[in-house]
Amino acid sequence: MTTHTVPLEVIKIAEDIKNMKIRGAGRIARAAAKALKIAAEEYKGQEVKEFIEYMKSIAQLLVSTRPTAVSLPNAVAYVTSKLDKISKLTDISEAKRLIINKAEEFIEYSLKATDKIGEIGSRRIEDGDVILTHCNSSAAISVIVHAFKQGKKVKVYATETRPKFQGHITARTLLKEGINVTLIPDSAVRLVMKYVDKVVVGADTIAANGAVINKVGTSQIALAAHEARVRVFVAAETYKFSPATVVGELVTIEERSPLEVVDERFFKENKGVTVRNPAFDVTPPEYIDAIITEIGVIPPQAAILILKDMFGWAIKDYYHYITIGSEMEEY
Ligand code: RUB
């Protein structure tokens, strides 16, 4: 463990990811890259070896904040991927520069990718389409907004997304763009599905077999869509594909505090009732029509090809410096 103090701004970013002030897989990834950049900039020591240890501890701090979105460890692994090279350096400012450059590169790539997904995905949306989306995904919103800006008159059903109501953010964002949006309770999905043409959602993690891990409720929506023969599109940057699943690792589903679901009073008045709050669920590939990435549209079964293309260079020891699915606190 390093003796160098962690900058307050870095601690704040880690806390904000944990308490969901910073949320959504893409934003979390960019925030982590920014935190690593700040950590490198603020490093006061002169020893390259010590700097490496310090960066590793920051990397571990960041990946331990939330366990499900693989965009987080992927971003951290990307930014710190040059640590081996750094160990051969003697000049500390050169070492710091390598990390800073990688972090900036990741943030730029990520922002461009979300936009590109919108451009590519919008080709799948037709004029007059009724779209249903869940939670708050920048990638899914990018698809909808791009289509709308091309003059396609779309109408959107946004689920409120209990218990944290991220659907409110989605509704607000779409409204600002001038898009016709209707907010519905999560439980109304099957009822409205008969009016829906396409489901567009985001992803936190995509497994090697094409299964999509996204906000809890996504798999029920996919099931209802499947029953109604409505197509399901997942909008996700390539850094949301999980290299660890190639070698059989399972994705940890975050379980958050029951106090996000009910208040203290409920527990006092109903002693003995257990309340659970799983934050994500798994949609099997059979219920997904296509995954829209910044490098093209693929069937979920082709997820392994994306993983080989993008992460093939180091699938086995990709997470060299960090522990995936690190223990979450018990709530
Ligand atoms: C957010 C969520 C989003 C994905 C994709 O969950 O499930 O659908 O993260 O988002 P939470 P994006 O609110 O718990 O973080 O496309 O913005 O990366």
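Counting convention: from 1, in listed order, for ligands and their atoms alike. As a basis for the values below, the full set of heavy atoms in this structure was taken, side chains included, without hydrogen atoms, waters or symmetry mates. Numbers for residues simply follow the sequence, beginning at 1.
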Would you list the atom pairs, donor with acceptor, under 3.5 Å between side chains in residues 282-293 and any protein atom, with sequence neighbours excluded?
{"from": "Thr283", "atom 1": "OG1", "to": "Ser219", "atom 2": "N", "distance (Å)": "3.4"}
{"from": "Asp289", "atom 1": "OD2", "to": "Val232", "atom 2": "N", "distance (Å)": "2.8"}
{"from": "Thr293", "atom 1": "OG1", "to": "Ile295", "atom 2": "N", "distance (Å)": "3.0"}
{"from": "Thr293", "atom 1": "OG1", "to": "Gly296", "atom 2": "N", "distance (Å)": "3.2"}
{"from": "Thr293", "atom 1": "OG1", "to": "Gly296", "atom 2": "O", "distance (Å)": "2.8"}

Pairs of donor and acceptor atoms involving the side chains of residues 202-211, under 3.5 Å and at least two apart or interchain, shall be tabulated with distances.
{"from": "Thr205", "atom 1": "OG1", "to": "Thr68", "atom 2": "O", "distance (Å)": "2.6"}
{"from": "Thr205", "atom 1": "OG1", "to": "Val70", "atom 2": "N", "distance (Å)": "2.9"}
{"from": "Asn209", "atom 1": "OD1", "to": "Ala211", "atom 2": "N", "distance (Å)": "3.0"}

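- Looking at Gln166 and Lys164, their side chains never bring a donor and an acceptor atom within 3.5 Å of each other.
- A cation-pi arrangement is absent between Lys153 and Phe148 under the rule of less than 6.0 angstrom and at most 45 degrees off the ring axis.
- Under 4.0 Å is where a charged nitrogen must lie from a carboxylate oxygen, and between Arg265 and Glu269 at least one such pair does.
- Listed by chain and number, residues touching ligand 1 at under 4.0 Å (heavy atoms only) are Met20, Arg23, Gly24, Ala25, Gly26, Arg66, Cys135, Asn136, Ser137, Ser138, Ala139, Gln166, Ala203, Asp204, Asn214, Lys215, Lys240, Phe280.
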N/O donor to acceptor pairs below 3.5 angstrom from side-chain atoms of residues 107-114, sequence neighbours left out:
{"from": "Glu108", "atom 1": "OE2", "to": "Lys112", "atom 2": "NZ", "distance (Å)": "2.9"}
{"from": "Tyr109", "atom 1": "OH", "to": "Glu294", "atom 2": "OE2", "distance (Å)": "2.5"}
{"from": "Ser110", "atom 1": "OG", "to": "Arg30", "atom 2": "NH1", "distance (Å)": "2.7"}
{"from": "Ser110", "atom 1": "OG", "to": "Tyr239", "atom 2": "OH", "distance (Å)": "2.6"}
{"from": "Thr114", "atom 1": "OG1", "to": "Ser110", "atom 2": "O", "distance (Å)": "2.9"}
{"from": "Thr114", "atom 1": "OG1", "to": "Glu237", "atom 2": "OE2", "distance (Å)": "3.4"}

